[in-house]
Amino acid sequence: MQVNDGKVRVRFAPSPTGYLHIGGARTALFNWLFARKNNGTMILRIEDTDRERSTMEDVDRIIESLHWLGLNWDEGPFFQSERKDIYRQYAQKLLDHDLAYYSDEERGEHKAIIFKIPHEKVVVDDCIHGKMEFDNSLIKDLVIFKSDGFPTYNFACVVDDALMGITHIIRGDDHISNTPKQIPLYDALGFPVPKFAHVPLILGKDKKRLSKRHGATSVQAYEQEGYLPQALVNFLALLGWSPGDDREIMSLDDLIGAFKLEGISSSNSVFDDEKLKWMNGNYIAQLPFEKYKEQVMPYLNCAMNGSINASCETVDYILRLMQSRTRLLSDIGELTGYFFNDEFEYDAKAVEKRLLKPGVIELLQNIAQTLEKIEDFTEHSTEQALRDFVEKNQISGGAVIHPTRVALTGVMTGPGLFEIMFALGKEKTIARLKRTVDFIQTLGVS
RNA sequence: GACCCCAUCGUCUAGUCUGGCCUAGGACACAGGGUUUUCAUCCCUGCAACAGGGGUUCGAAUCCCCUUGGGGUCGCCA
């Protein structure tokens, strides 16, 4: 574990006090990309020294999310809670050399141990920000062991990063002010100081740091809403990092190939899910149909109360019509609802625009009659029949197609009308035309 | 408040290190047009930015300073 043959070693070190959120996911991604790009080693370390708030469930959730994103690691997970003796050893070393002292405050079973921060200037040459200077005569001495017997973040972090041979610490900007506290600790312990790369934060639309207040921020929430991991990863990679050219849609391999710490921007970025949705739709459209179906079926069944028979040919037919129209997998219920529910409601605007026009009742009745005569009810035969109908009656195609669409679906958008008819079948198509005639009549219009 | 970080279209960004090729490029969103029976996809076009002020320089989005604005940190949390 202490080897360091010049190879890149990085770590992702979440604290298990909640879900993996978007910001953490991006930090993990940047670490992972950097490791993979440089044939380095990725380590997962669980920073669970806060015994009050850390939970095993959160550890599991975080790991699940990392797996879902497609991020793996070569060593770990290591748990800081299991390494207490190691930290204590190093704290003792500091005590022995008079670089730390016991607190005289009595708070718990143990006495806290406090590190003497040398009053000197500290310069950090950050990979992203360049030189940053701090005056440590301005800060207080640092608690490294709490009275509950566990080390504090800054101490455990330094000891672990050193022992695990971490070469590059890629972490959030919010850790910048920890850096001048950690560097003297490396020095006091006789450890080499690693390189730092402080990644700017992700902000919400209000330019405030992204938090629960901004709605869904956990990776799991995005998974549930029907985002594809490839899309989220691609989007996250481009938030605060750029390959330096105009590429947008990039696979994991593309990202690895192009990744450089220098490409990380030095300013914060706002999380805008419009672009993420666009990207997601893009990835969904690229999916082989079988894969799309596999991914979307759970959402469809959820929306339809489990009533969908996945082996039904019509379901396949409908889903094929919907793939290019799906931006979020969770959209599928709304997209296809009218196919599976005969009692669908009519959209008010659609009614006004397409149904409440003079002669529509008669028109729909005539169309029903025309379709009635068709034996082999297909996209082609229905289209042919309606084209003939249009010609015979000297009206425009739209005059027939638009009201019919609303009669069959209740809405003005969707797949081609003849595909809709075919998916519904002759019986339902005609029944819906009749239902719509009745509906218009209840509105008191003729 | 103190300390630190940051500042290009509404948003993500290229360009900044190594001043001139930038009348600032791409993408999302938006608007218009083409294709389609509608929607989505696809294609075309448009809209839209160097925060402000001083320098340095023949020349600054690019370098320096100030102002303003935004963010972060100031825990025996991580």
Side-chain angles (χ1 to χ4, degrees), chain A residues 13-18 47-50 52-54 80 103 105 107-108 110-114 124 126 128-130 132-136 138-140 142-157 171-181 198 200-203 205-209 235 238-249 262-263 265-279 281-282 285 321-327 335 350 354 383 386-387 390 396-402 404-406 409 411-418 420:
Chain A
S15 76
T17 54
E47 308 216 324
D48 56 352
T49 51
D50 183 339
E52 299 278 298
R53 298 195 300 145
S54 299
Q80 288 189 326
S103 163
E105 239 179 282
R107 279 209 215 175
H110 308 260
K111 285 207 158 178
I113 302 173
I114 299 173
V124 183
D126 189 273
I128 295 168
H129 297 281
M132 300 188 289
E133 209 179 304
F134 304 86
D135 182 359
N136 272 359
L138 263 30
I139 62 175
K140 290 188 295 183
L142 188 68
V143 175
I144 57 174
F145 254 86
K146 303 180 274 182
S147 39
D148 66 357
F150 282 84
T152 59
Y153 162 74
N154 278 304
F155 189 64
C157 183
R171 55 166 33 157
D173 245 357
D174 50 339
H175 286 289
I176 284 181
S177 52
N178 283 320
T179 313
K181 298 174 185 172
H198 286 99
L201 301 179
I202 298 177
L203 311 178
K205 283 187 185 60
D206 57 359
K207 308 249 181 164
K208 298 288 182 201
R209 187 180 177 164
F235 178 75
L238 260 24
L239 239 204
W241 173 80
S242 159
D245 53 40
D246 287 343
R247 281 180 290 174
E248 299 276 348
I249 301 291
E262 300 80 73
S265 115
S266 50
S267 56
N268 294 341
S269 28
V270 172
F271 189 90
D272 171 23
D273 53 1
E274 272 308 319
K275 189 162 181 173
L276 173 56
K277 280 181 189 152
W278 163 76
M279 207 169 249
N282 212 300
L321 297 176
M322 292 306 168
Q323 188 167 353
S324 72
R325 295 172 170 81
T326 313
R327 294 182 82 200
L335 244 26
R354 302 298 185 198
E383 174 158 15
L386 286 200
R387 297 284 178 211
V390 159
S396 72
V400 169
I401 287 166
H402 296 312
T404 306
R405 167 188 298 284
V406 176
T409 68
V411 292
M412 292 190 284
T413 62
L417 179 63
F418 306 106
I420 293 173

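Keep in mind it's a predicted model, so treat the numbers as computed, not measured. Labels below follow one simple rule: chain letters A, B, ... track the order of the sequence lines, proteins then strands, and each chain is numbered from 1.
Nearest nucleotide to the A/Asp246 side chain, out of B/A29, B/A27, B/G25: B/G25. Here B/A29 is the nucleotide among B/C76, B/A78, B/A29 with the atom lying nearest to any side-chain atom of A/Trp278. Of the candidates B/C76, B/C28, B/G71, the closest approach to any side-chain atom of A/Lys208 belongs to B/G71. Here the side chain of A/Lys140 is nearest to one of B/G75, B/C12, B/A78, namely B/G75. Candidate nucleotides B/C12, B/U37, B/G72 were compared by shortest atom distance to the side chain of A/Ser269, and B/C12 ranks first. Set against B/U11, B/A29, B/U37, the side chain of A/Arg387 has B/U37 as its closest nucleotide. Among B/U13, B/A40, B/A78, the nucleotide with an atom closest to any side-chain atom of A/Arg325 is B/A40. Of the candidate nucleotides B/U37, B/C39, B/C6, B/C6 has the atom nearest to the side chain of A/Ser266. Side-chain proximity of A/Leu201 to the nucleotides B/G71, B/C6, B/C76 is greatest for B/G71. The side chain of A/Asp50 sits closest to B/A78 out of B/A78, B/G72, B/G26.
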A/Asp272 vs A/Lys275, salt bridge (charged side-chain N to carboxylate O under 4.0 Å, His left out): CA-CA, chis, key distance, verdict: CA-CA 6 Å; A/Asp272 171 23; A/Lys275 189 162 181 173; over 6 Å; no
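Within the 4.0 Å cut-off from OP1 or OP2 of B/U37, not a single side-chain nitrogen or oxygen of A/Thr404 is found. Here A/Arg247 does not reach the OP1 or OP2 of B/U13: none of its side-chain N or O atoms lies under 4.0 Å away. For A/His175, no side-chain nitrogen or oxygen approaches OP1 or OP2 of B/U73 to under 4.0 Å. Residue A/Thr152 places none of its side-chain N or O atoms closer than 4.0 Å to OP1 or OP2 of B/A78.
Within the nucleic acid shown, A/Glu248 comes within 4.0 Å of at least one base atom, counting heavy atoms only. A/Pro180 comes within 4.0 angstrom of nothing in the nucleic acid, heavy atoms only. Across all strands shown, A/Leu417 has heavy atoms under 4.0 Å from base atoms, whether or not it also approaches the sugar-phosphate. Using a 4.0 Å heavy-atom distance criterion, A/Phe134 is classed as a sugar-phosphate-only contact. If you check every strand for non-hydrogen atoms under 4.0 Å, A/Gly108 touches nothing. The residue A/Ala112 sits close to a base: some heavy atom pair falls under 4.0 Å. As judged by a 4.0 angstrom heavy-atom cut-off over every strand, A/Ser177 is placed among residues touching the sugar-phosphate backbone only. Heavy atoms of A/Asp135 sit nowhere under 4.0 angstrom from any nucleic acid atom. Nucleic acid contact for A/His198: none, since no nucleic acid atom lies under 4.0 Å from a heavy atom of the residue. The residue A/Glu133 sits close only to the backbone: its heavy atoms come under 4.0 Å of sugar-phosphate atoms, none of a base. Within 4.0 Å (heavy atoms only), A/Gly244 reaches sugar-phosphate atoms of the nucleic acid but no base atom. Residue contacts shown for A/Gly398 are absent, as no nucleic acid heavy atom lies under 4.0 Å away. Counting any heavy atom pair closer than 4.0 Å across all strands shown, A/Met132 reaches sugar-phosphate atoms only and no base atom. Among the protein residues, A/Arg327 comes within range of the sugar-phosphate backbone only, with heavy atoms under 4.0 Å from sugar or phosphate atoms but none that close to a base.
Annotation: B/C28 and B/C47 have their C1' atoms spaced 14 Å apart (nearest Å). For the P atom pair drawn from B/C63 and B/G75, the interatomic distance equals 35 Å after rounding to whole Å. For the C1' atom pair drawn from B/G10 and B/C5, the interatomic distance equals 24 Å after rounding to whole Å. Rounded to a whole angstrom, the distance from the P atom of B/A78 to that of B/U67 is 37 Å. Separating the P atom of B/A29 from that of B/C12 is a span of 15 Å, rounded to the nearest Å. Taking the C1' atom of each, B/C6 and B/U16 are spaced 14 Å apart, rounded to whole Å. Comparing the same atom, C1', in B/U23 and in B/G70 gives a spacing of 31 Å after rounding to whole Å. When the P atom is compared between B/C58 and B/U68, the two are found 32 Å apart, to the nearest whole Å.
For the pair A/Val143 and A/Arg209, both in contact range of RNA chain B, the more 5′-proximal nearest nucleotide belongs to A/Arg209. Residue order along RNA chain B, read from the 5' end via each residue's closest nucleotide, puts A/Val270 first among A/Val270 and A/Arg107.
Atom-to-atom, NZ of A/Lys277 to P of B/C28 comes out at 16 Å; the value is rounded to the nearest Å. A/Glu52 has its CD atom 15 Å from the P atom of B/C76, to the nearest Å. Between A/Phe271 atom CZ and B/A29 atom C1' the separation is 15 Å, expressed in whole Å. Atom CG of A/Leu321 is separated from atom P of B/A40 by 16 Å (rounded to the nearest Å). Note: CE (A/Met279) to P (B/C12) measures 14 Å, nearest angstrom. Between the P atom of B/A2 and the CG atom of A/Asn136 lies a distance of 19 Å, rounded to the nearest Å.
In this structure, A/Phe235 and A/Phe271 have side chains that are in contact, with non-hydrogen atoms separated by less than 4.5 Å. When side chains are defined from C-beta on, A/His129 counts as touching A/Ile176, because their heavy atoms get closer than 4.5 Å.
Contact between A/Val143 and A/Ala112 at its shortest, heavy atoms only, is CG1-CB, 4.4 Å.
Ring to ring, A/Tyr153 and A/His175 are close: their centroids are under 6.0 angstrom apart.
A/Asn268 contributes no side-chain N or O that forms a donor-acceptor pair with the base of B/A7 under 3.5 Å. In terms of polar N and O atoms assigned as donor or acceptor, the side chain of A/Ser324 comes within less than 3.5 Å of the base of B/A40 in a complementary pairing. The base of B/C6 lies outside donor-acceptor range of the side chain of A/Ser267, with no N or O pair under 3.5 Å.
Rounding to the nearest 0.5 angstrom, the gap separating the CG atom in A/Leu142 from the CD1 atom in A/Ile114 is 9.0 Å.
Residues A/His198 and A/Ser266 bring no donor and acceptor atom of their side chains to less than 3.5 Å of each other.
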